[in-house]
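We count ligands from 1, going down the list as the structure has it; atoms in each ligand are counted the same way. This structure is a prediction, so every number in the text was calculated from the model and none was measured.
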Amino acid sequence: MDALEAIGLDAGIRAELAAYDGRPARVVRTDRGRVTALVSDGTVRAGVPAGAPTPVTGDWVAVAGDPPVVVGSAERRGALTRPRPHGDRAEASPEQVLAANVDLVALVTPVDTAPNLRRVERGVVMAYESGATPLVLATKTDLAADLAGTMATLEEACVGVEVLATSAVTGAGIDTLAAHLATGRTAVLLGASGVGKSTLVNALLQADVMATREVRGDHKGRHTTTHRELLVVPGGGAVIDTPGLRSLTLGGDDTGRDLAFPDVAELAEQCHFHDCRHDTEPGCAVQQAVADGGLAADRFEGWRRIRAANENAVLRADPAAHRRESKRLGRMYREAQAAARYKSRHGRR
Ligand code: GDP
Ligand code: ZN
């Protein structure tokens with residue numbers, strides 16, 4: 001198989017790139033107006049013409065000329081983004097693309113201690129928002145005190161999402177993960193420092209391309225680290241590891257949340273009010289389900305936290321909405337104070 005087909009080049013992308021009269025390439029790294037890209041027989045460094053959009057890691061581009069130049073790019077099939085920091089809004093888009101054409105977002109969750117379910121839930125929502133398929137990768141299963149119990153808890157917290165148990169020590173789950181990528185898919189591993197991402201990537205790549213923690217400690221590992229951010233998996237597929245892509249931010253829309261919480265979304269359709277917030281509204285099917293145990297209270301709590309985080313994201317992104325919300329809260333406080341004054345003056349009649 002062609003080296004690029006092994007990492008996802010298909011007829012559709014080929015046809016799109018053919019319009020540019022260059023050869024297909026996949027970006028593995030960008031820096032200062034240049035890209036490093038994989039081509040069918042190796043790697044090229046190509047310039048990006050002034051004024052052209054700068055590709056990101058994972059993009060499919062067409063490269064031509066000597067010295068090589070990026071002459072076109074294929075439409076992205078999903079992208080991992082984050083809102084641009086304030087003050088950086090001069091850019092055309094309010095979002096910064098961190099990686100393109102990601103099929104699988106793996107939420108790396110160590111199970112040597114009790115997993116942080118709220119973090120996993122957020123990760124699942126973010127994965128769906130980016131248009132990718134979420135996968136929960138439980139790591140360090142060799143250190144789990146009650147592996148079966150922990151796996152069951154994770155599965156309950158992520159309805160409809162595959163949860164894969166892995167261990168770099170026993171090798172468990174590594175082949176299954178490799179099989180997920182073998183069809184040319186691209187994955188991103190998300191998780192805090194120390195959860196086992198580098199170790200997992202090394203196991204997948206059957207090489208020490210990523211410096212793991214111990215190696216970092218003595219500084220020798222630095223030299224063995226390649227500067228590619230898109231790593232090719234020997235059996236097919238790729239893993240993207242870009243700086244700044246250790247976690248994502250919630251985008252603020254409800255689609256990801258509804259995909260991550262299909263049980264709550266389905267119940268919500270039965271609520272009396274179509275815009276029910278499932279707080280204290282009459283005829284709320286979600287509250288009813290929590291009351292009769294059809295929906296676990298903790299799961300509903302997870303849903304509420306995602307909603308709160310989404311609403312915050314919307315407010316942050318829209319200063320006018322933020323001002324409206326502050327005014328609304330101010331009015332509520334003033335009304336509550338007025339009511340309290342009235343009560344204290346007129347007694348509790
Ligand atoms: P990263 O910061 O997410 O890339 O985490 P690392 O891959 O550097 O791993 C952090 C630590 O966890 C290292 O000491 C690893 O040796 C250890 N570790 C990673 N995976 C496993 C595993 O499956 N089992 C055990 N016992 N330790 C692991
Ligand atoms: Zn409701």
Side-chain angles (χ1 to χ4, degrees), residues 105-113 115-116 119-120 123 136-145 147 150-151 154 163-178 187-222 224-226 229 231 239-248 254 257-258 261-292 294-295 297 299-301 303-304 306-307:
V105 170
L107 307 155
V108 184
T109 310
V111 296
D112 52 339
T113 55
N116 181 337
R119 180 172 289 172
V120 177
V136 175
L137 275 183
T139 53
K140 311 191 188 185
T141 54
D142 55 289
L143 299 177
L147 183 57
T150 305
M151 290 300 286
L154 278 173
V163 184
L164 183 59
T166 68
S167 164
V169 170
T170 67
I174 307 294
D175 288 350
T176 312
L177 179 57
V188 155
L189 306 187
L190 295 187
S193 178
V195 295
K197 296 180 298 294
S198 314
T199 307
L200 214 51
V201 170
N202 285 338
L204 270 178
L205 269 55
Q206 302 157 24
D208 270 349
V209 276
M210 300 289 295
T212 55
R213 208 173 241 188
E214 288 99 335
V215 187
R216 273 182 213 138
D218 61 25
H219 297 288
K220 279 186 207 150
R222 290 262 172 217
T224 65
T225 319
T226 66
E229 293 166 359
L231 306 160
V239 177
I240 292 183
D241 182 66
T242 38
L245 230 186
R246 302 259 135 148
S247 72
L248 293 173
D254 296 341
R257 185 194 67 200
D258 288 349
F261 289 85
D263 42 356
V264 179
E266 197 184 318
L267 283 165
E269 286 174 17
Q270 314 295 318
C271 291
H272 181 71
F273 297 106
H274 77 92
D275 60 350
C276 184
R277 286 178 56 83
H278 323 310
D279 290 329
T280 53
E281 290 86 347
C284 174
V286 176
Q287 284 291 354
Q288 187 60 47
V290 172
D292 11 286
L295 180 67
R299 178 135 178 96
F300 182 49
E301 176 58 20
W303 181 91
R304 291 171 84 129
I306 298 287
R307 175 178 68 187

Residues passing the side-chain contact (heavy atoms from CB on, under 4.5 Å) test with Arg119, sequence neighbours excluded, are Asn116, Ala192

Looking at Thr166 and Thr141, what are the two nearest heavy atoms and their distance?
O-OG1, 3.0 Å

Using a heavy-atom cut-off of under 4.0 Å, does the side chain or the backbone of Thr199 touch ligand 1, or both, or neither?
both

Here the atoms of ligand 1 under 4.0 Å from any heavy atom belonging to Val169 are 23 (O), 24 (N), 25 (C), 26 (N)

Near the Zn ion (ligand 2), meaning under 2.8 Å, the protein N/O/S atoms are Cys271 SG, Cys276 SG, His278 ND1, Cys284 SG

Thr141-ligand 1 polar pair, N/O distance under 3.5 Å:
no

Are there over 12 heavy-atom neighbours, none belonging to Glu266, within less than 6.0 Å of that residue's CD?
no

Could you tell me which atoms of ligand 1, counted from 1 in the order shown, lie closer than 4.0 angstrom to a heavy atom of Ala192?
3 (O)

If you measure every N/O of Lys140 against every N/O of ligand 1, is any gap under 3.5 Å?
yes

Sub-4.5 Å side-chain heavy-atom contact between Leu177 and Leu200
yes

Is Gly191 near ligand 1, meaning one of its heavy atoms is under 4.0 Å from it?
no

If we only count N/O pairs under 3.5 Å, is Gly194 in contact with ligand 1?
yes

Out of curiosity, is Asp142 lining ligand 1, as in a heavy atom under 4.0 Å away?
yes

Quick one: does Pro110 get a heavy atom under 4.0 Å from ligand 1?
no

Pairing of Arg299 and Asp263 as salt bridge, 4.0 angstrom limit:
yes

Rounded to the nearest 0.5 Å, the CG atom of Leu154 sits from the CG atom of Leu137 at a distance of 11.0 Å

Taking distance alone, with N or O pairs closer than 3.5 Å, would you say Gly196 contacts ligand 1?
yes

side-chain hydrogen bond (donor to acceptor under 3.5 Å, both in side chains) against Asp142, all qualifying residues, sequence neighbours excluded:
Ser167

Going by atom type alone, with no hydrogens or angles, which donor-acceptor pairs under 3.5 Å involve a side-chain atom of residues 270-281 and a protein atom two or more places apart or on another chain?
unit_1	atom_1	unit_2	atom_2	d
Arg277	NH1	Glu311	OE2	2.9
Asp279	OD1	Arg304	NH2	3.4
Asp279	OD1	Arg307	NH2	3.2
Glu281	OE1	His278	N	3.3
Glu281	OE1	Asp279	N	2.8
Glu281	OE2	Arg277	N	3.0

Mode of Val195 contact toward ligand 1 - side chain, backbone, both, neither (heavy atoms, under 4.0 Å):
both

